[in-house]
Structure formats: structure tokens, C-alpha cells
Amino acid sequence: MKIATWNINGVKARIDTLLAWLKESNPDVVCLQEIKSVDEGFLRADIEAMGYHVETHGQKGFNGVAILSKIRPDEINRGLPGDETDLQSRFIEAVFSVRGGVVRVCSLYLPNGNPVDTEKYPYKLSWMERLHAFAESRLALEEPLILAGDYNVIPQPHDCWDVKVWQNDALYLPQTRQAYRRLNNLGFTDAIRATSDGQDYTFWDYQAGCWPKNFGIRIDHLMLSPEAADRLVSTGIEKHVRGWEKPSDHVPVAAEFAFAV
DNA sequence: ATGCCTACATACTGTAGA
């Protein structure tokens, strides 16, 4: 079972790119972020025609997440628990039946947090606290769980092209990385780091020629519960998609698992 | 230098992203 995550930066602007990628990559489950669309505006017809179920948690203008899947989910939950006043659409969870049990997949879009001297950074940290609490409760189920998405966290120095550029940024500040490590230390496995210790960027800014200069960062992650990590076969960062016409600034990150459908 | 790009909203410019 191939599970991928991709911040597509607008489904309306990216629909042709998304369809081309689905055809080429053939994932079983896709976690999308930044669909920038309300649920009823999500361009689902062509995706469904390719055999995917479509579940969205949208928002007007920005944010918005979705899960596409070849098998029908048994259960869908929208929104990250822990704050009823938070109206931003950044989290959706799907539960799938596989042989011998279930697989639980979450598509998350963690807040950016910049500028750090505004309310945006405390919002990021509190969102990470809520994610930690959610993850802890789900781990108690002892199920295969994949928390996939745009974390807006550069975990370690070698996950960016120049630490000096990022050291004061919300994506890299010590508090940000500490919160990420706290989550990881609950017992998760970072799928990319479990299979590679190289340069594994997932985002290249549109500006200043970052892509041709390979000035990238690794901020899109798949965090695996022990039960999911035990079934991890391989991973892939589909970097070539960044070179396509009208690309997102993020590329798809995928992991293959030994789950029998 | 706080922009350099890109997407979106519904307006010819501002907000947001990272």
C-alpha cells in the first residue's frame, strides 16, 4: 500500500498537475494540504473518475486538507481536537480496513508560524501541543497510524540548505524543533529518516531561483506509529514533480507499506 | 532589501505562504 503526502498549493490551480501525478505515481492513499478550496468547490469529478474516494476538510481561500483513497474509508474525522474556537481547516483523519485490522491515516497542515513576533507563532506551538495530545491518545490504540503532512518543521540542520537563513524562522526555532522531537519521542518513526540519511528536501521556494539552485528544506513528513513502522518497505521523495509545468512549491513524499488490502 | 514568486479573493491591491 502506497501512502503519499503532498501540499498542492491550491487544487484549482493544480488540478491538471494532480491528475498527471496520480496517473504516474499510482498511490493508494493521498494526503493533500493547502487545497485552498471549500468542500463543495473541490474539483473531485476527474479524481473520482480515476477510482479515488475523495474526503475533504476545506476552507475558503487558504488552508484545507483532503484524503484521496482507492479503498473506501470506514470512518472520517475532520478537525484537530482540543480547541473549539480554532476554525482553520488543517486536519482530517481516515480509517481503512486492511487484512487483519485497520490503518489510520491523518492529513495535517501544521501552521507556518511566521512572523514569530505575532500571534501566529503561539498558535503554531499550541497546535503542536494539540497534535501531541491527539497522537498520544491514538498511540494507545496500538494500531498502524500514519501522521502525514506539511509539518512546517525543519527537524535538523541538514534538513535545510543553510541554517543561517532559517535559524530565526518559525520553521526552525529551538522551540519548534523541540515540539517536533517531543512528538517523535512518543514512539513515532520519521519514514524518510528511517530509510535515508541524505539530503531529502521536499520544498523549494518559488522565489530567488531556489529550485535550480537546490535551496530546499525538508518539512513534509510521514510519522509512523510502531505498528506502521514495522510494515514500512520503502520511501520516495518525488522530486522531479517540482520541475513540471505549474508546480507546487512542495513535492509528493510517499511510503510503501506491507499492508494487504 | 523584509523583497524575490504564486494563489486567491471578487477588485486593479492585499493577504498568506515559508
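In what follows, every chain begins at residue 1, and chains take the letters A, B, ... in the order their sequences are listed. The structure displayed is predicted, hence computed values, not measured ones.
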#### Entry: D230(A): side-chain contact (heavy atoms from CB on, under 4.5 Å) partners, not counting sequence neighbours
none
### Nearest-0.5 Å distance that lies between atom CD1 in I71(A) and atom CE in M1(A)
4.0 Å
### Under 4.0 Å protein heavy-atom contact, by nucleotide of nucleotides 3-13 of chain B - B base, S sugar-phosphate only
-BBSSSSS---
#### Entry: dT15(B) to dT2(B) separation - C1' atoms, rounded to the nearest Å
15 Å
### Message
Rounding to an integer number of angstrom, what distance separates dT6(B) and dC12(B) when you compare their P atoms?
### Response
23 Å
### Message
In whole Å, I'd like the distance from the CZ atom of R90(A) to the C1' atom of dA16(B).
### Response
10 Å
#### Entry: Nearest-angstrom distance, P atom, dC4(B) to dT13(B)
16 Å
#### Entry: Separation of atom OH in Y121(A) from atom P in dA18(B), rounded to whole Å
15 Å
### Message
Taking salt bridge (Lys or Arg N to Asp or Glu O under 4.0 Å) as the cut-off, I'd like each qualifying pair that reaches into residues 144-154 of chain A, sequence neighbours left out, listed once.
### Response
none
#### Entry: Below 4.0 Å: OP1/OP2 of dG17(B) and any side-chain N or O of H250(A)
no
### Task
Provide, to the nearest angstrom, the distance between the NZ atom belonging to K124(A) and the P atom belonging to dG17(B).
11 Å
### Query
When you compare dG3(B) with dG17(B), how far apart are their P atoms, in angstrom units rounded to a whole number?
15 Å
### Query
Any salt bridge (Lys or Arg N to Asp or Glu O under 4.0 Å) pairs touching residues 210-229 of chain A, not counting sequence neighbours?
D159(A)-R218(A), D190(A)-R218(A)
#### Entry: ILVMFWY cluster membership beyond V102(A) - transitive side-chain contacts under 4.5 angstrom
V95(A)
### Query
Which whole-number value in Å describes the distance from Y109(A) OH to dA16(B) P?
12 Å
#### Entry: R242(A) CZ to dA18(B) C1', straight-line distance once rounded to whole Å
12 Å
### Message
Base, sugar-phosphate or nothing for D150(A)? Non-hydrogen atoms, less than 4.0 Å.
### Response
sugar-phosphate
### Message
Can you see if the side chain of N114(A) gets near the phosphate of dT2(B) - specifically, an N or O under 4.0 Å from OP1 or OP2?
### Response
no
### Task
Assert yes or no for the condition that the ring centre distance of F259(A) to F96(A) is strictly below 6.0 Å.
no
### Query
If you measure from the P atom in dA18(B) to the same atom in dC8(B), how many Å do you get, rounded?
14 Å
### Message
Measure CD/E34(A) against C1'/dA18(B) and give the value in whole Å, please.
### Response
9 Å
### Task
Quote, to the nearest angstrom, the P distance that separates dT10(B) from dA16(B).
14 Å
### Query
Distance between the C1' atoms of dA1(B) and dA7(B), in whole angstroms?
24 Å
### Task
Whole angstrom is fine here: how far is it from CG in N63(A) over to P in dG17(B)?
7 Å
### Query
Does anything in residues 35-65 of chain A pair up under ring-ring contact (aromatic ring centres under 6.0 Å, His included), and if so which pairs, sequence neighbours excluded?
none
